[in-house]
Amino acid sequence: MSDLVGLKKLLDKLDAVSENAQDVLFKSMKKAAGFVKDDARLRVPFKTGDLRRRIHDKTEKTEDGVQSIVSVSSEYGAYVEFGTGPRGEENHEGISPELNPHYSQTGWMIPASAMSEKDAEEYGLGIAKKDGRVIGFYTKGMPARPFMYPALKDNEDQINKNIAKDLKKAIKEAAK
């Protein structure tokens, strides 16, 4: 009979772990998403903070468990991540191997009012002048400068270890 009492106690503890597991997983996933967001912000290749500020994370409970999403709300975040034009197609190392972006094959002009000549030079843009006055900037695109995918991929093993550690800790506490 004492074996059944012990079994009942174990089953009760396992039920408690099951109820608590989604909460523990939620907290652990939220922490992981925040870590990926922070790492992606550090990897943004530009000096301005606009793109960094537009990287967000969201964690929510779903019917199947817990889901975390790290995303960019900037119109140009994808252009930085994947590159643009012929230069992007030539150099897109570091983007997700599961993606196959299609790149425009023609160059384009950017109005002179869009940025300073100094910024255009830093971005590697050509400078179009007429009568000594800047009338615009031209480009055949820019290489990919991935910051989102590497922030996840380079930390994937550590994230999985941290989540497993958090769940094991919750199981041990419930089993006491």
Side-chain angles (χ1 to χ4, degrees), residues 1-85 87-104 123 141-176:
M1 184 68 168
S2 65
D3 287 343
L4 290 178
V5 172
L7 179 62
K8 168 88 170 97
K9 187 175 177 182
L10 175 62
L11 290 174
D12 288 344
K13 287 181 180 184
L14 289 174
D15 283 342
V17 168
S18 178
E19 291 173 16
N20 190 30
Q22 193 171 28
D23 290 335
V24 170
L25 184 59
F26 180 87
K27 289 175 186 171
S28 192
M29 291 281 291
K30 186 170 181 59
K31 188 170 46 174
F35 181 80
V36 171
K37 174 188 72 178
D38 291 345
D39 191 29
R41 286 178 172 175
L42 292 173
R43 293 172 186 257
V44 171
F46 299 115
K47 63 182 178 191
T48 64
D50 183 59
L51 186 54
R52 286 182 179 97
R53 284 189 298 274
R54 292 174 180 255
I55 300 172
H56 307 285
D57 65 298
K58 178 181 179 182
T59 301
E60 61 188 5
K61 293 181 181 179
T62 67
E63 287 181 19
D64 299 325
V66 178
Q67 170 180 291
S68 289
I69 298 171
V70 180
S71 61
V72 179
S73 63
S74 167
E75 312 79 47
Y76 60 90
Y79 300 130
V80 175
E81 180 82 8
F82 303 116
T84 59
R87 288 184 69 200
E89 186 168 37
E90 290 168 7
N91 182 1
H92 57 262
E93 185 177 326
I95 69 170
S96 171
E98 296 177 25
L99 300 175
N100 187 20
H102 296 280
Y103 296 90
S104 167
Y123 292 129
M142 66 178 185
R145 296 179 182 143
F147 58 99
M148 294 292 286
Y149 180 71
L152 174 62
K153 196 63 180 168
D154 291 352
N155 295 299
E156 189 174 32
D157 289 342
Q158 189 60 47
I159 289 167
N160 287 333
K161 286 177 186 175
N162 289 345
I163 292 170
K165 184 176 92 176
D166 291 345
L167 289 171
K168 284 178 187 176
K169 181 180 175 184
I171 290 168
K172 283 182 181 180
E173 287 177 10
K176 289 181 182 178

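It should be emphasised that the depicted structure is a prediction, and the values quoted were computed from it without experimental measurement.
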Could you name each residue pair satisfying salt bridge (charged side-chain N to carboxylate O under 4.0 Å, His left out) that touches residues 159-170, not counting sequence neighbours?
-> Lys31-Asp166
Looking at residues at least two apart in the chain, or sitting in another chain, which of them share a side chain to side chain donor-acceptor pair (under 3.5 Å) with Lys61?
-> Asp23
Minimal heavy-atom distance between Asp57 and Gly34, with the atoms involved, is OD2-N, 3.7 Å
Tyr149 side, atom OH; Glu98 side, atom CD - distance, nearest 0.5 Å = 6.5 Å
Under 4.5 Å between any side-chain heavy atoms of Val80 and Pro45, yes or no?
-> yes
Tell me, with the steps shown, if Val70 and Leu152 meet side chain to side chain contact (heavy atoms under 4.5 Å, CB included).
-> CA-CA 9 Å; Val70 180; Leu152 174 62; over 6 Å; no
Who passes side chain to side chain contact (heavy atoms under 4.5 Å, CB included) against Asn162, sequence neighbours left out?
-> Gln158
Contacts of Lys30 that satisfy salt bridge (charged side-chain N to carboxylate O under 4.0 Å, His left out) - sequence neighbours left out | none
Return the set of residues passing salt bridge (charged side-chain N to carboxylate O under 4.0 Å, His left out) with Arg87 (not counting sequence neighbours), or none when no residue passes.
-> none
The side chain to side chain donor-acceptor pair (under 3.5 Å) partners of Asn160 (sequence neighbours excluded) come to none
Can you measure from CD1 (Ile69) to NE2 (His56) and round to the nearest 0.5 angstrom?
-> 13.0 Å
Rounded to the nearest 0.5 Å, what's the gap from CG on Leu99 to CZ on Phe82? Could you check?
-> 5.0 Å
Mind checking the CD1-OG spacing from Ile159 to Ser68? Nearest 0.5 Å is all I need.
-> 9.5 Å
In chain order, what residues pass the side chain to side chain donor-acceptor pair (under 3.5 Å) check against Thr84, with sequence neighbours excluded?
-> none
Not counting sequence neighbours, which residues clear salt bridge (charged side-chain N to carboxylate O under 4.0 Å, His left out) with Glu60? List them please.
-> Lys58
How many angstroms lie between atom CE of Met148 and atom OG of Ser96, to the nearest 0.5 angstrom?
-> 12.0 Å
Restricting to pairs with a member in residues 63-81, which pass salt bridge (charged side-chain N to carboxylate O under 4.0 Å, His left out), not counting sequence neighbours?
-> Arg54-Glu75
Indicate yes or no for a side-chain donor-acceptor contact from Asp39 to the backbone of Phe35 under 3.5 Å, with no hydrogens or angles considered.
-> no
Can you tell me how far NZ of Lys27 sits from CD of Gln22, rounded to the nearest 0.5 angstrom?
-> 12.5 Å
For the residue pair Tyr79 and Ser74, establish whether any side-chain heavy-atom pair is separated by less than 4.5 Å.
-> no
List in chain and number order the residues that pass ring pair (Phe, Tyr, Trp, His ring centres under 6.0 Å) with Tyr103, two or more places apart in sequence or in another chain; answer none if no residue qualifies.
-> His92
Output yes when a side-chain donor or acceptor of Glu89 lies under 3.5 Å from a complementary backbone atom of His102, and no otherwise.
-> no
Distance-minimising heavy-atom pair for Ile55 and Lys37 = O-CD, 3.5 Å
Taking only residues two or more places apart in sequence or in another chain, which ones pass side chain to side chain donor-acceptor pair (under 3.5 Å) with Thr62?
-> none
Residues Gly77 and Val72: closest non-hydrogen pair is CA-CG1, 4.1 Å
